[in-house]
Amino acid sequence: MTRRLAYLLVPLLLTVAGCTASTEEPAGPAPATRAERPSPFADCAPLTAVPPSAPAPSGASGDPLPDLALSCFTGGAPVKVSDIRGPAVINVWASWCPPCRKELPAFQRLSERAGGRFQVIGVNSRDSRGGAQSIGEDFGVRFPMLVDQGDAFERALGRNAFPLTVLVDADGRIRHTDSTGALDDARLAELVRTHLGVRL
């Protein structure tokens, strides 16, 4: 009798203690532990289209953009850098680089002043996604952002500097590369006027 009672009580006690495995499927997917923050940056799809008010190609000489593909921060298909249509101002930066953080707001203002005459494009290089995301949010950076996990873009240009600014003309050719340090509004306007022929 005692043994039979023990056989009946043990499963009951285990159930009360929560030690038995349930064969029931959970009701619905498990809740996400952390919601993914939306990207502060614009989509990269327009990068291979000519800016709407861009000046006509001039036939000027210069090196073409490197033939490599970079991911877009917002996702989607990788962008072939050599397919980017100019005029464009490309800013290579990283969140851990103090001069890069200093100049990013000036690049955002430049993108707002472009008025369809040229594109402003970021290349976030050798950085973490979280670091780039935070800087973009903190500084209100909205222009399209490509991601270079290593330094393929810089190596293709034969440069190893942060920050790095590349000015590309309407023919898609590199007109000037600047690695003098943090650029401000006046210096950016001068570079755009001198190398892209656009007055701000």
Side-chain angles (χ1 to χ4, degrees), residues 28-49 51 64-114 118-168 172 174 177-185 187-188 191-192:
T33 54
R34 182 176 70 86
E36 178 122 355
R37 299 186 333 233
S39 169
F41 308 114
D43 185 57
C44 300
L47 298 184
T48 55
L65 284 166
D67 188 21
L68 59 96
L70 296 177
S71 300
C72 181
F73 198 93
T74 58
V79 174
K80 193 171 177 185
V81 176
S82 57
D83 288 345
I84 290 175
R85 298 285 61 101
V89 179
I90 302 174
N91 176 238
V92 183
W93 68 283
S95 63
W96 46 261
C97 159
C100 301
R101 294 196 305 270
K102 183 177 180 182
E103 72 177 6
L104 269 174
F107 278 93
Q108 176 57 35
R109 290 189 293 271
L110 182 67
S111 74
E112 293 163 5
R113 296 168 64 195
F118 58 91
Q119 305 188 75
V120 175
I121 304 163
V123 175
N124 182 247
S125 181
R126 291 187 263 171
D127 206 353
S128 69
R129 183 175 179 86
Q133 172 100 14
S134 294
I135 293 295
E137 291 169 346
D138 292 349
F139 295 162
V141 178
R142 301 289 175 258
F143 49 84
M145 194 64 58
L146 298 172
V147 178
D148 187 0
Q149 293 292 342
D151 57 357
F153 184 69
E154 292 164 278
R155 278 188 284 111
L157 297 177
R159 298 296 184 118
N160 185 22
F162 277 90
L164 183 67
T165 302
V166 181
L167 289 99
V168 180
I174 298 170
T177 304
D178 188 284
S179 57
T180 58
L183 302 175
D184 59 17
D185 295 273
R187 179 70 177 136
L188 281 171
L191 289 171
V192 166

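Basis for what follows: all heavy atoms, side chains included, without hydrogens, waters or symmetry-related copies.
Taking every heavy atom of both residues into account, Gly150 and Ser125 meet most closely at O-OG, 3.0 Å. In terms of heavy atoms, Ser39 sits closest to Thr74 at OG-CG2, 3.5 Å. Shown here for Phe107 and Val120, the closest heavy-atom pair between the two residues is O-CG1, 3.9 Å.
Contact annotation: the side chain of Pro66 approaches that of Phe153 to within less than 4.5 Å [non-hydrogen atoms, C-beta and beyond]. By the 4.5 Å heavy-atom criterion applied to side chains, Arg187 and Asp178 are counted as neighbours. Contact annotation: the side chain of Ser82 never approaches that of Pro64 to less than 4.5 Å [non-hydrogen atoms, C-beta and beyond]. In this structure, the side chains of Asn91 and Glu103 come closer than 4.5 Å at one or more pairs of heavy atoms. Annotation: side chain of Leu65 is in contact with side chain of Ile174 (closest heavy-atom distance under 4.5 Å).
With sequence neighbours left out, Phe143 forms a ring-ring contact (aromatic ring centres under 6.0 Å, His included) with no residue at all. When the side-chain hydrogen bond (donor to acceptor under 3.5 Å, both in side chains) test is applied to Asp138, no partner is found at least two apart in sequence or on another chain.
Of the inter-residue distances, the one linking Cys72 atom SG with Leu146 atom CG reads 6.0 Å to the nearest 0.5 angstrom. Going from atom CZ of Arg159 over to atom CG of Asp151 covers 14.0 Å, rounded to the nearest 0.5 Å. Taking OG1 from Thr165 and CG from Leu183, the interatomic distance works out to 4.5 Å, rounded to the nearest 0.5 Å. Put simply, CG on Leu110 and CG on Leu191 are 9.5 Å apart, with the number rounded to the nearest 0.5 Å.
Remark: the Ser95 side chain and the Asp127 side chain contain an N/O donor-acceptor pair separated by less than 3.5 Å.
Ring planes of Phe41 and Phe73: perpendicular class, angle over 60° (limits at 30 and 60°).
The pair Asp148-Arg126 does not meet the salt-bridge criterion, since no charged nitrogen lies less than 4.0 angstrom from a carboxylate oxygen.
No donor-acceptor pair closer than 3.5 Å links the side chain of Gln119 to the backbone N or O of Ala88.
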